[in-house]
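Encoded as structure tokens, the structure appears first; notes follow it.
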Amino acid sequence: MGARSWVVIAVVVLLAGCALMPPIDAAPIRGTETNHVATTDYLYVAATGDYGYTPDTFNDLPAHATINVTFVDNSTMTDGHTFTILGVEGVQIPNTDTQTQINALAFGNNPRALFNLNVSSYGDRNVSQFQSPGPGWYEFVCTVSSHFQEGMYGFIAFGMDLPSNLTLPDRVGIGGSTLSFSPVDAAAIAALVLVFVLGYVVWQRRRASSRMPPAPVRPSKPAAAEGHPPEVGRTQGGR
Ligand SMILES: [Cu+2]
């Protein structure tokens, strides 16, 4: 075979290779994949020091999918926390529910909880997974004694968004702060601040009044303006 033939073969092979290769700058083909039909998804949630979760709402996670959960303890509470997705669909649990009622929902079988993961101390991090149900929304709670009643709950929706009329706990320092005030603490702090402010105002007034000389008596005689400072208490006729 001559050199010319080799060149022809090389060009043919090169062209064939290019034809078989996918175009480099073409957009990735996503097919029918959307959030709703993903087969796996990841969820990251942290327990906070104010009896909260960050985030405390999850919208539109895929239904019928494997959900990988990472649960982190960002609180310094010594009794730990749980991330427990209750099995009852489309219901907000009243926050007047007792611990016994919460335990029945979380550990009973009517219906079974979707998922549970625990953390026990600050910095603790646990990973697990579960199969999400069909479209619907659920409440998740902390089952550690009294944490739910303190407002440790949130909501998660699969294959849909959460309804807009859910009430989330009104917490101080929501979003990862480890500061927390009970209503009694807050009232005590407010009272202290009030006492301090009142004390300061009274002190300022006393200081001002003790510094200020008695109001000068303005002389009515024009002569006073010519270099004879008026003497308080002396009458005009005394000169
Ligand atoms: Cu908790």
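Counting begins at 1 with the first residue of the sequence. Note that ligands are numbered from 1 as they come in the structure, with each ligand's atoms numbered from 1 the same way.
- Side-chain contact, Asn116 with Asn118: a donor N or O sits under 3.5 Å from an acceptor N or O.
- By the criterion of side-chain heavy atoms lying less than 4.5 angstrom apart, applied directly or through intervening Ile, Leu, Val, Met, Phe, Trp or Tyr residues, Val72 is not grouped with Phe115; the two fall into different hydrophobic clusters.
- Inspection of the Asp124 and His81 side chains reveals no N or O donor paired with an N or O acceptor under 3.5 Å.
- In this pair, Tyr53 and Phe71 present their aromatic rings tilted. The plane angle is within the 30 to 60° band.
- Both Val91 and Phe155 are assigned to one and the same hydrophobic cluster, defined by single-linkage of ILVMFWY side chains at heavy-atom distances under 4.5 Å.
- Each protein N, O or S atom less than 2.8 Å from the Cu ion (ligand 1) was counted, giving 4.
- Between Tyr153 and Phe140, the ring center distance fails the sub-6.0 Å criterion.
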